[in-house]
2 protein chains.
Amino acid sequence: MFIEIEPDSTVPIYLQLAQQIIEGVAKGTLKPGDSLPSVRSFAADLGMNMHTVNKAYHYLEEKEFIQIVQKKGVVIHEKGVRKATATDRQRLTKEMRPILAEALCLQLSQEDIELLVKEIILDLKEVK
Amino acid sequence: MFIEIEPDSTVPIYLQLAQQIIEGVAKGTLKPGDSLPSVRSFAADLGMNMHTVNKAYHYLEEKEFIQIVQKKGVVIHEKGVRKATATDRQRLTKEMRPILAEALCLQLSQEDIELLVKEIILDLKEVK
DNA sequence: AAAACTGTTCTACTAAGAATAGAACAAAGG
DNA sequence: CCTTTGTTCTATTCTTAGTAGAACAGTTTT
């Protein structure tokens, strides 16, 4: 896993970490059953606190992306991540909405935005 | 302007307000030159603090969506909002990315996601 | 001219979140 | 037996969000 943290970002460190793990799952770099580093070793590698990694893990567990096995370790959810529910779609829509509104204000056309989305998805799919 | 604030949201109140004003501009409900309520009256209407509205206004001013004329009032940017720069596109991409990554993890196909985006844009365009 | 209204600035306080730190625990593994 | 695992606890520091009240200097209205 190649993790790059921006310390001065407004996005909390634990969230940046969690999001990049999610990206790993999306790309297929992280496959179902793969194990993640322990909170201590990961924290040491990334130069952050053990509790920060722990927070990221629990964030991912709540989203059902990973499984935390008591006293053993952390594993990408076996059998793959669950399929999106109606609630998931609703949440994703809500998160996307203000960004798209801003894009429209900045005079991006519907085609421009759709192209932008396609590029992002393409980039998320290609394994580097 | 119809503003709906969710007090228990993780999204700060001032941001919710700013985002809904941006939506108004995207929809065309708010047109270039239109004036917004004073910080005091708007705060009273919405049941929030004057300084919170002020913060939202300055957030929008920094984004160049509105103009704050000293001691006079707040107006939607005349001649419309500026066109997106390369930096804008980069920022929008960065904001969109983690959401799309999550969507892919939840086994939404590229087509599903594009449809979702189209629906949001359609909703943002229709004047209610 | 007086009054009301405008955004601005200042101090002040509370609450919550983020991040770090260190210590200790119980269970699993080698 | 010893190391490693995630967990839990207390503690501290820093930042942000939100509210509050007061005062200021212009603008607009009456």
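Excluded from the calculations below are hydrogen atoms, water molecules and symmetry mates; all remaining heavy atoms, backbone and side chain alike, are included. Reminder, nothing fancy here: chain letters follow the sequence lines and each chain counts from 1. Bear in mind that the values here come from a model prediction, so they are computed numbers and not experimental data.
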Interatomic distance where [atom1] belongs to [X] and [atom2] belongs to [N] [whole Å]:
X	N	atom1	atom2	value
A/N54	D/dT4	CG	C1'	15 Å
B/L36	C/dC5	CG	C1'	16 Å
A/D8	C/dA18	CG	P	17 Å
B/I5	D/dT19	CD1	P	10 Å
A/Y57	C/dA19	OH	C1'	17 Å

### Message
Run the side chain to side chain donor-acceptor pair (under 3.5 Å) test against B/R82 and tell me which residues pass, sequence neighbours left out.
### Response
B/D88
### Query
Using the C1' atoms of five pairs at each end, what's the angle between the two axes of the helix from C/dG7-D/dC24 to C/dG30-D/dC1, to 10 degrees?
30°
#### Entry: Salt-bridge criterion met for B/K94 and A/E6 (N-O under 4.0 Å)
yes
Out of curiosity, [X] [atom1] to [Y] [atom2], how far, rounded to the nearest 0.5 Å?
X	Y	atom1	atom2	answer
A/L106	B/E64	CG	CD	9.5 Å
B/I21	B/Y59	CD1	OH	11.5 Å
B/F42	B/T52	CZ	OG1	12.5 Å
B/T93	A/L116	OG1	CG	4.0 Å
B/T29	B/I76	OG1	CD1	10.5 Å

### Task
Would you give a per-nucleotide map of nucleotides 22-29 of chain C, 5' to 3', where B means the base has a protein non-hydrogen atom under 4.0 Å away, S means only the sugar-phosphate does, and - means neither?
BBB-BBSS
### Task
Go along nucleotides 13-18 of chain D 5' to 3' and tag each nucleotide: B for a protein heavy atom under 4.0 Å from its base, S when only backbone or sugar atoms are that close, - otherwise.
----SS
#### Entry: Partners meeting salt bridge (charged side-chain N to carboxylate O under 4.0 Å, His left out) with A/E95 (sequence neighbours left out)
A/R91
### Task
Could I get the full list of salt bridge (charged side-chain N to carboxylate O under 4.0 Å, His left out) partners for A/K63, not counting sequence neighbours?
B/E102
### Task
Tell me whether the OP1 or OP2 atom of D/dT5 has a side-chain N or O from A/S38 closer than 4.0 Å.
yes
#### Entry: N/O (side chain, B/H58) to phosphate O (OP1/OP2, C/dG7) under 4.0 Å
no
### Task
Compare all side-chain heavy atoms of B/R97 with those of A/Q19 and state whether any distance is below 4.5 angstrom.
no
### Message
Please identify which of these residues, A/V53, A/V75, A/L30, A/I68, meets the side-chain contact (heavy atoms from CB on, under 4.5 Å) condition with A/L36.
### Response
A/L30
